[in-house]
Amino acid sequence: MNELASVYDPKAVEDKWYKYWEEHGLFSSKPDGREPYTVVIPPPNVTGVLHMGHMLNETIQDILVRRARMEGKNALWVPGTDHASIATEAKVVKRLAERGIHKTDLTREEFLKHAWDWTHEYGGIILKQLRKVGASCDWSRTAFTMDDIRSRSVIKVFVDLYNKGLIYRGVRMVNWDPAARTALSDEEVIYTEQHGKLYYLRYKIVGEDRYAVVATTRPETIMGDTAMCINPNDPKNQHLRGKHVIVPLVGREIPVIEDEYVDIEFGTGCLKVTPCHDVNDYMLGQKHNLESINIFNDDGTLSEAAGLYVGMDRMDVRVQIEKDLIAAGLMEKVEDYTNKVGMSERTKVPIEPKLSAQWFLKMTDLVKPALQAVLDGEIQFHPAKFVNTYRHWMTDTKDWCISRQLWWGHRIPAYYLPDGKVVVAEDIDAAVVKARELSGNNALTAADLRQDEDCLDTWFSSWLWPISLFDGINHPEGEELSYYYPTSDLVTGPDIIFFWVARMIIAGYEFMGKKPFSNVYFTGIVRDKLGRKMSKQLGNSPDPLELIEHYGADGVRMGLMLAAPAGNDILYDDALCEQGRNFNNKIWNSFRLVKGWEVSDSIEQPEHSRLAVAWFTAALNKALAEVKDLFAKFRLNDALMTIYRLFWEDFSAWYLEVVKPAYGTPIDRATRDATIGFFDTLLRLLHPFMPFITEELWQHIAERADGESIMVARIPEPAAVDERLIAAMAVAKDVVAGVRNVRKTKNIAPREALRLQVVGEFDNPLSAIITKLAVLDAIDIVETKDATAASFMIGTTEFAVPLGDSIDVEAELAKLEADLKYARGFLATVEKKLGNERFVANAPEAVVALERKKQADALSKIATLEQAIAALKGARF
RNA sequence: GGGCGCUUAGCUCAGUUGGUUUAGAGCAUCUGCCUUACAAGCAGGGGGUCGACAGUUCGAAUCUGCCAGUGCCCACCA
């Protein structure tokens with residue numbers, strides 16, 4: 001048997017089996033009579049590469065899908081990628097810039113060609129990487145959010161929502177990303193604490209030789225000031241009522257207005273009002289009918305309208321204007337100040353509030369069924385704590401800004417007539433028809449219509465993902481859709497609960513009238529072992545593919561899963577992968593042992609083997625039931641730990657040690673067959689977590705036809721468990737450990753057979769196992785043990801190994817005294833309870849009875865120990 | 001400023017409706033072993049007054065209150 005190395009080599013088998021599975025079509029699914037189990041992948045960015053977050057997320061999905069498949073369900077995992085409008089466009093723009101090409105030099109068509117080239121070049125890398133992980137996706141279904149079916153779905157949905165009156169175009173204050181030069185939704189703005197400054201600026205009061213002082217964090221916006229605002233109830237600023245002030249440096253005269261919005265306590269109680277560049281100022285401008293001056297270009301530089309600093313970047317202006325204000329004597333003071341600044345989630349630059357015409361989706365009614373479904377538990381979140389987060393967001397949802405000033409994405413299907421009116425239609429031909437109806441001008445042609453330049457938010461396509469993957473928008477009655485939808489489980493990070501999860505639920509109810517999935521498993525964030533987020537800058541983010549290279553895919557999968565309860569961040573450490581790799585090795589070596597056995601039909605099954613088979617059958621079934629229950633609760637890490645311990649402790653350390661024959665001797669047929677059967681089941685149980693090694697060994701332990709695979713083998717349903725054997729084995733293990741301890745402390749060789757005395761009664765059905773593992777000649781039931789014996793207690797029973805003259809009386813005494821002390825302490829706690837009249841009177845009878853039993857047991861144990869101590873003392877001389 | 005969650009062994013976490021030993025697991029650590037499946041291993045051991053305080057109860061890691069620490073989400077205070 002020693003042609004097999006003692007170390008398992010994942011590299012030798014992983015690619016082989018992945019190819020085997022793929023070639024035999026084991027990943028693919030078609031509708032049939034079985035119960036469906038469907039997972040859709042959270043589509044990674046088409047040009048992205050696999051990172052640790054993906055590794056965790058995809059591993060979890062694969063575990064769920066493989067388990068479902070082995071439960072006999074028709075399991076389908078649909079892969080795909082997302083066009084990631086902003087991120088991808090930014091990358092393309094950057095690459096073009098490296099070649100000296102600016103986006104503005106290109107037509108939309110030329111730019112899109114570059115973008116598609118980029119997509120074809122880098123697109124799908126991540127899908128190849130997923131194969132290394134072992135992902136059992138149905139690759140024939142690979143989708144892209146901008147492929148034909150998904151694009152038509154998006155456009156159709158836009159038109160439908162527009163026709164329902166839920167989509168509208170309007171001029172609003174939106175979040176503007178000056179780097180990407182596009183509007184963003186509220187969810188794409190991340191507020192972060194920034195250490196900045198609070199500037200106190202002097203505004204000269206017209207007609208007086210005094211100044212009003214305004215505190216602001218953004219002095220560069222003063223060119224857009226069109227008023228100063230005070231609170232009418234502010235006693236310290238009463239002198240400003242009805243006055244005008246001069247904007248510093250600019251020299252423009254602006255009125256002082258009054259509004260209770262102003263916080264009297266903040267700064268000086270004077271607020272500068274810049275309606276174009278602040279949401280609240282915009283509100284004030286509307287209310288008080290103020291002039292608006294837009295001082296910024298789309299890229300965050302100062303516009304002609306600013307008059308000063310034209311063409312400079314806003315951040316540079318902030319630095320320069322501070323100097324200029326000081327020089328002009330118009331800066332009262334500057335303080336350090338910490339406030340929250342909205343940053344673009346994608347480009348990480350500060351958001352600029354900007355007034356612009358955008359498309360919006362009304363959310364108020366759409367969210368209602370989606371909220372209810374989660375509150376009612378029709379859709380379950382794991383862990384459930386995220387229901388709170390979800391409810392919070394869903395109860396006050398603002399309209400969704402869905403237009404982006406980008407080219408890479410789905411172009412908005414709105415067409416403007418020459419007179420500025422708009423029609424929304426699925427294509428240009430339909431638009432012409434509608435335009436003619438609208439205008440009454442039948443001479444209108446496509447050439448007269450101008451399509452909206454904007455494209456849609458990426459999430460406006462991914463919110464349809466569970467539907468559009470089955471072409472459900474275009475074919476709501478399709479066979480695929482009705483079979484696979486609603487999908488079963490969704491696995492994703494809580495960071496996109498609003499971006500994606502909530503919106504998919506909304507879309508599900510709005511477009512299909514049904515939930516998109518039944519369960520959402522929220523993963524945690526993968527951090528380093530110090531709890532820091534993984535980042536390129538810190539260099540603490542390992543490349544999953546390198547880890548796979550080093551530890552094997554199974555090892556990495558297991559390492560991540562051991563540390564990843566749903567919703568908990570996982571602190572990644574290479575030690576986790578080592579544990580995974582070590583477990584692989586353990587399995588491998590157990591296999592080597594079993595494979596090396598020579599079988600003989602002429603040997604009878606020994607009693608200890610017969611008992612071991614019976615016991616392990618019970619242990620295995622108990623674990624099967626536990627794992628099944630844990631899967632139902634999405635406690636995958638606990639499920640894995642249960643299997644880990646079953647394999648390592650129960651199977652390898654105990655079961656195999658009982659049944660393995662002495663070196664060079666054959667094993668009986670019955671035991672060997674039972675062992676192979678156990679091994680088979682263990683591999684199946686483990687396969688969802690560690691697909692490669694389990695396939696490799698499963699193929700080895702029996703003859704398999706071509707195309708057979710553990711992937712489609714069934715995990716057995718748990719059978720009834722003989723708890724008596726489980727309990728008996730627990731005692732047996734303790735007895736064996738007790739004897740081993742005696743050997744160790746007395747320096748008795750492992751193979752030297754001993755006798756074991758049991759004082760009083762002992763009827764363990766597994767005593768043959770004890771005899772075998774503890775290497776005993778016999779177990780003697782005795783009234784009184786030898787005075788010179790090393791003894792130990794298990795429960796209330798005393799065991800003793802007679803040692804004759806070789807006993808170390810003092811050491812033995814010390815041990816017994818320690819046991820006695822413990823037993824007395826324990827008795828004291830029990831008797832304290834029983835001595836409490838109110839306990840005896842009020843506690844349930846069963847609880848009191850249990851305490852009485854404990855008391856009796858403790859008393860008998862103490863008596864036994866005292867006797868043993870007395871006997872030893874007698875033997876001392 | 002609101003809302004939610006967490007705090008149990010050195011680390012990561014279990015602990016179901018309060019009562020199956022004086023609270024468990026994995027990893028780490030310590031001791032002894034290269035015992036023909038496996039040193040990526042085997043056999044043992046140590047380690048926690050369950051964040052603090054108060055309360056309810058015959059009985060609290062578990063329920064209540066308050067406090068401290070920590071994390072997340074939301075919010076227009078310049």
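Proteins get letters first, then strands, A, B, ... in listed order; numbering begins at 1 in each.
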* Listed nucleotide nearest any side-chain atom of A:Pro565, set B:rU35, B:rC13, B:rA43 -> B:rC13

* Is there a donor-acceptor pair under 3.5 Å between the side chain of A:Asp278 and the backbone N or O of A:Asp281? -> yes

* So what does A:Arg218 touch, heavy atoms closer than 4.0 Å: a base, only the sugar-phosphate, or nothing? -> nothing

* Asked: What integer number of Å spans the P atoms of B:rU12 and B:rA28?
  -> 15 Å

* To do: Would you kindly say whether A:Thr221 and A:Lys272 are connected by a side-chain donor-acceptor distance under 3.5 Å?
  => yes

* To do: Any chance you could list the contact pattern along nucleotides 69-74 of chain B? Use B for base contacts, S for sugar-phosphate-only contacts and - for none, protein heavy atoms under 4.0 Å, 5' to 3'.
  => ----SS

* Asked: What nucleotide among B:rA37, B:rG45, B:rA78 has an atom nearest to a side-chain atom of A:Asn741?
  -> B:rG45

* Taking the side chain of A:Asn585 as its heavy atoms from C-beta onward, which of B:rA25, B:rA78, B:rA40 lies nearest to it? -> B:rA40

* To do: Assign A:Leu571 to base, sugar-phosphate, or nothing according to its heavy-atom contacts below 4.0 angstrom with the strands shown.
  => sugar-phosphate

* **Nearest-Å distance for atom pair CZ/P, residues A:Phe583 and B:rC27** => 11 Å

* **Distance-only donor-acceptor test, A:Arg740 side-chain atoms vs B:rA43 base atoms, 3.5 Å** => no

* Pick out which of A:Arg645, A:Lys622, A:Lys733 makes a side chain to side chain donor-acceptor pair (under 3.5 Å) with A:Asp650. => A:Lys733

* Choose from B:rA78, B:rC58, B:rG26 the nucleotide whose nearest atom is closest to any side-chain atom of A:Arg838. => B:rC58

* **Options B:rU31, B:rA37, B:rG19, nucleotide nearest the side-chain atoms of A:Leu593** => B:rA37

* Could you verify whether a donor N or O on one side chain and an acceptor N or O on the other, from A:Asn584 and A:Arg581, lie under 3.5 Å apart? => no

* Asked: Counting only N and O atoms by type, is there a donor-acceptor contact under 3.5 Å from the side chain of A:Arg635 to the main-chain atoms of A:Pro565?
  -> no

* Asked: Which nucleotide, B:rC38, B:rG45, B:rA37, lies nearest any side-chain atom of A:Lys660?
  -> B:rA37

* To the nearest Å, give me how far apart CZ (A:Phe647) and P (B:rA37) are. => 16 Å

* Asked: Does a side-chain N or O from A:Tyr644 land closer than 4.0 Å to OP1 or OP2 of B:rC27, or not?
  -> yes

* Think A:Arg852 has a side-chain N or O under 4.0 angstrom from the OP1 or OP2 of B:rU20? -> no

* Hey, does the side chain of A:Lys236 reach the backbone of A:Ile264 with a donor-acceptor pair shorter than 3.5 angstrom? -> yes

* Is a side-chain donor or acceptor of A:Arg318 paired with a backbone partner of A:Glu220 at a separation under 3.5 angstrom? -> no

* Take atom P in B:rC11 and the same atom in B:rG51, then report the distance between them in whole Å. => 14 Å

* Asked: Looking for any heavy atom pair under 4.0 Å, which part of the strands does A:Arg751 touch: base, sugar-phosphate only, or nothing?
  -> sugar-phosphate

* Name the nucleic acid region contacted by A:Ala841, choosing base, sugar-phosphate or nothing; use a 4.0 angstrom heavy-atom cut-off, strictly under. => nothing

* To do: Kindly say whether A:Arg838 contributes a backbone atom to a donor-acceptor pair with the side chain of A:Asn842 at under 3.5 angstrom?
  => yes

* Asked: Would you say A:Asn589 reaches B:rA37's phosphate, i.e. side-chain N/O to OP1/OP2 under 4.0 Å?
  -> no

* Could you check whether the rings of A:Phe651 and A:Phe679 sit parallel, tilted or perpendicular, using 30° and 60° as the cut-offs? => perpendicular

* Asked: When rounded to the nearest Å, what value does the distance between P atoms of B:rC34 and B:rA40 take?
  -> 15 Å

* Report which part of the nucleic acid A:Asn584 touches: base, sugar-phosphate, or nothing (heavy-atom distance under 4.0 Å, all strands). => nothing

* Look at all strands and tell whether A:Val273 reaches a base, only sugar-phosphate, or nothing, counting heavy atoms closer than 4.0 Å. => nothing

* Rounded C1' spacing from B:rU29 to B:rG47 in Å -> 9 Å

* Asked: Which of parallel (below 30°), tilted (30 to 60°) and perpendicular (above 60°) describes A:Trp588 and A:Tyr8?
  -> tilted

* Asked: Counting any heavy atom closer than 4.0 Å, what does A:Val7 reach on the DNA or RNA strands: base, sugar-phosphate only, or nothing?
  -> base

* Between the base of B:rC4 and the side chain of A:Lys385, is there a donor-acceptor distance below 3.5 Å? -> no

* Structure fact -> In RNA chain B, consecutive runs of at least three Watson-Crick or G-U pairs below 3.5 Å, as range with range, amount to B:1-7 with B:68-74, B:10-13 with B:24-27, B:29-33 with B:41-45, B:53-55 with B:63-65

* Asked: In whole Å, what separates the C1' atom of B:rG1 from that of B:rA23?
  -> 40 Å

* To do: Take A:Met283 and A:Asn582, find for each the nucleotide of RNA chain B with the closest heavy atom, and name the residue whose nucleotide sits nearer the 5' end.
  => A:Asn582

* For the residue pair A:Asp186 and A:Asn175, confirm or rule out a side-chain donor-acceptor distance under 3.5 Å. => yes

* Asked: Base, sugar-phosphate, or nothing for A:Asn280, non-hydrogen atoms under 4.0 angstrom?
  -> base

* Looking for any heavy atom pair under 4.0 Å, which part of the strands does A:Ala843 touch: base, sugar-phosphate only, or nothing? -> base

* Can you check whether A:Asn842 has a side-chain N or O nearer than 4.0 Å to OP1 or OP2 of B:rU57? -> no

* Residue A:Glu657, side-chain atoms from C-beta onward, closest of B:rC38, B:rA78, B:rU20 -> B:rC38

* Is there a donor-acceptor contact under 3.5 Å from the side chain of A:Ser652 to the main chain of A:Phe647? -> yes

* With respect to the phosphate group of B:rC42, does any side-chain polar atom (N or O) of A:Trp648 fall under 4.0 Å of OP1 or OP2? -> yes

* **Polar side chain donor-acceptor pair, A:Tyr261 to A:Asp263, under 3.5 angstrom** => no

* To do: May I ask you to say what A:Pro844 touches in the nucleic acid, namely base, sugar-phosphate or nothing, with a heavy-atom cut-off under 4.0 Å?
  => base

* Take atom C1' in B:rA61 and the same atom in B:rU57, then report the distance between them in whole Å. => 16 Å

* To do: Could you tell me whether A:Tyr337 contacts a base, only the sugar-phosphate backbone, or nothing, with contacts defined as non-hydrogen atoms closer than 4.0 Å?
  => sugar-phosphate

* **Listed nucleotide nearest any side-chain atom of A:Arg645, set B:rG26, B:rU35, B:rC58** => B:rG26

* Asked: When the aromatic ring centroids of A:Phe386 and A:Phe522 are compared, is their separation below 6.0 Å?
  -> yes

* For atom C1', what is the distance between B:rC77 and B:rG2, given to the nearest Å? -> 14 Å

* **Nearest-nucleotide 5' precedence on RNA chain B, A:Phe591 against A:Lys633** => A:Lys633

* A:Asp857 near the nucleic acid: base, sugar-phosphate alone, or nothing, with a heavy-atom cut-off under 4.0 Å? -> nothing

* To do: Side chain of A:Tyr663 only, please: which of B:rA37, B:rU12, B:rC76 is the nearest?
  => B:rA37

* Would you mind telling me which of B:rA78, B:rG44, B:rG19 lies closest to the side-chain atoms of A:Val847? => B:rG19

* To do: Using the P atom as the reference point in each nucleotide, state the distance between B:rC63 and B:rU7 in Å, no decimals.
  => 11 Å

